[in-house]
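Below is one structure; the comments refer to it alone.
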Amino acid sequence: MDEISEVRRMKVAYVRVSTDEQHEQRQVAALEKYGIKKWYIEKVSGKNAKREQLQTMLDFVREGDVIYIHDLSRLARSLKDLLDILQVLNDKNVILVSNKESLDTSTATGRLMVNMIAAINQFELENLHERQREGIEEAKKRGAYKGRKKKTIPQDVWEANYQKYMNRELNKSQFAREIGVSRPTLDKLLREHSEGTISFG
């Protein structure tokens, strides 16, 4: 965290209340002490998968940025949803700070808490993957599984749009559209890029 300059680091906050009748002031007041520069406020049920402000924020943040929330229940709809969001933030090297749980993913304690949350979900994930593997093997035996053709992207196209993305000229949806891939594929490519394993066509 210290390697990212204060100029580049952006402090953003995500606030969600369930209905238009509820007021967000309590959450806002609890987060103001952090010196928030950009606010994302959403009035939508936690069960609603369409949370536009959340997605806009996840598209906006860059490496070294910090997201502040009042508590984890404001951020995620379920344990799996929380883990998915934490993975996105980890891939982007974005820090999450939760006020109520005293969670800060830039610290060793915060990372331990994230690992404990992930461990709770691990057994179900392993069972799911095992069932998927068995299904693929059965499909291969029947000759019904062909696999996916890997998407290749010219290096100059990637680098030009990646630079725009890092400069906040493109959000993630626009980036994916410009290089002709889906959002999940872009997430995978960004992860490969950060690991230095990305390959170009």
Side-chain angles (χ1 to χ4, degrees), residues 1 3-4 9-16 38 40 42 44 46-133 148 150-151 153 158 162 165-166 168 170-177 179 181-199:
M1 182 173 176
E3 296 177 357
I4 306 298
R9 185 180 299 134
M10 176 75 74
K11 293 182 178 182
V12 306
Y14 178 72
V15 171
R16 183 184 62 78
K38 194 170 183 64
Y40 293 87
E42 196 130 64
V44 62
K47 296 180 180 180
N48 192 334
K50 189 176 182 181
R51 291 164 291 168
E52 293 180 356
Q53 287 297 301
L54 173 62
Q55 192 57 63
T56 300
M57 178 186 69
L58 294 177
D59 285 341
F60 175 80
V61 290
R62 300 290 184 268
E63 179 182 1
D65 289 352
V66 187
I67 295 174
Y68 294 88
I69 57 174
H70 183 53
D71 65 76
L72 292 173
S73 68
R74 299 298 90 196
L75 181 68
R77 297 177 297 127
S78 64
L79 177 59
K80 183 181 183 304
D81 187 34
L82 174 60
L83 291 172
D84 288 344
I85 292 171
L86 287 171
Q87 184 62 59
V88 169
L89 299 183
N90 182 65
D91 291 343
K92 299 181 75 169
N93 292 319
V94 171
I95 296 162
L96 176 69
V97 175
S98 179
N99 203 34
K100 185 176 179 181
E101 290 85 4
S102 299
L103 171 70
D104 181 342
T105 60
S106 71
T107 68
T109 301
R111 291 189 291 273
L112 176 61
M113 289 179 65
V114 170
N115 288 336
M116 291 174 65
I117 292 169
I120 296 171
N121 202 43
Q122 189 61 32
F123 181 70
E124 279 191 14
L125 287 175
E126 288 180 355
N127 279 342
L128 174 61
H129 293 159
E130 181 64 25
R131 291 194 297 271
Q132 289 174 337
R133 285 193 293 269
R148 295 182 179 179
K150 186 174 181 180
K151 178 74 176 181
I153 300 166
W158 169 268
Y162 179 77
Y165 171 69
M166 292 303 295
R168 304 183 194 272
L170 295 176
N171 62 32
K172 190 178 287 187
S173 296
Q174 292 167 330
F175 188 1
R177 187 163 55 249
I179 64 176
V181 301
S182 66
R183 280 288 301 276
T185 297
L186 176 59
D187 288 336
K188 179 175 179 292
L189 291 171
L190 287 169
R191 186 160 56 249
E192 290 176 351
H193 185 269
S194 67
E195 295 169 352
T197 59
I198 190 171
S199 60

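Counting begins at 1 with the first residue of the sequence.
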Quiz item: Is the number of heavy atoms from other residues, nucleotides or ligands within 6.0 Å of CD (Glu195) greater than 12?
Solution: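 Atom CD in Glu195 is packed in, count exceeds 12.
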
Fill in: Ser98 to Asp71 - nearest heavy-atom pair and separation
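Distance-wise, the nearest heavy atoms are OG-CA, 3.4 Å.
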
| request: Taking all non-hydrogen atoms of both residues into account, name the closest pair between Leu75 and Arg51 and its distance. | output: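 Where Leu75 meets Arg51 most closely, the heavy atoms are O-NH1, 3.0 Å.
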
**Report entry** Any donor-acceptor pair under 3.5 Å from Gln174 side chain to Asn171 backbone
**Finding:**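 Looks like yes, one N/O pair under 3.5 Å.
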
| said: Tell me whether Glu42 contacts the main-chain N or O of Gln53 through its side chain, where contact means a donor paired with an acceptor under 3.5 Å. | reply: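 Looks like yes, one N/O pair under 3.5 Å.
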
Interatomic distance, [X] atom [atom1] to [Y] atom [atom2] [nearest 0.5 angstrom]:
X	Y	atom1	atom2	answer
Ile95	Lys11	CD1	NZ	10.0 Å
Ile198	Glu192	CD1	CD	6.0 Å
Asp104	Tyr68	CG	OH	7.5 Å
Glu101	Ser73	CD	OG	7.0 Å
Ser173	Gln55	OG	CD	6.0 Å
Thr105	Asn93	OG1	CG	10.0 Å

Compare all side-chain heavy atoms of [X] with those of [Y] and state whether any distance is below 4.5 angstrom.
X	Y	answer
Leu72	Met113	no
Lys172	Asp187	yes
Val94	Ile67	yes
Val44	Leu54	no
Asp59	Arg183	yes

Report task. Carefully, step by step, assess Lys92 and Val61 under the rule side chain to side chain contact (heavy atoms under 4.5 Å, CB included). Result -> CA-CA 8 Å; Lys92 299 181 75 169; Val61 290; 4.0 Å; yes

Under the side chain to side chain contact (heavy atoms under 4.5 Å, CB included) rule, what do Arg62 and Met10 come out as? Steps first, then yes or no, please. CA-CA 8 Å; Arg62 300 290 184 268; Met10 176 75 74; over 6 Å; no

Apply side chain to side chain contact (heavy atoms under 4.5 Å, CB included) to Asp65 and Val12, showing your working.
-> CA-CA 8 Å; Asp65 289 352; Val12 306; 5.7 Å; no

Contacts table for residues 82-90: side-chain donor-acceptor under 3.5 angstrom, sequence neighbours left out:
from, atom 1, to, atom 2, distance (Å)
Asp84, OD2, Lys80, NZ, 3.0
Gln87, NE2, Asp91, OD1, 2.7

### Task
Any chance you could lay out the side chain to side chain contact (heavy atoms under 4.5 Å, CB included) test for Ile69 and Leu96, step after step, and finish with the verdict?
CA-CA 8 Å; Ile69 57 174; Leu96 176 69; 4.1 Å; yes

For Tyr165, what residues pass the ring-ring contact (aromatic ring centres under 6.0 Å, His included) criterion, not counting sequence neighbours?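 For Tyr165, the residues satisfying ring-ring contact (aromatic ring centres under 6.0 Å, His included) (neighbours in sequence not counted) are Phe175.
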
Checking Arg74 against Tyr14: charged group under 6.0 Å from the ring centre and within 45 degrees of the axis?
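Relative to the ring axis of Tyr14, which defines the angle, Arg74 lies outside at least one limit.
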
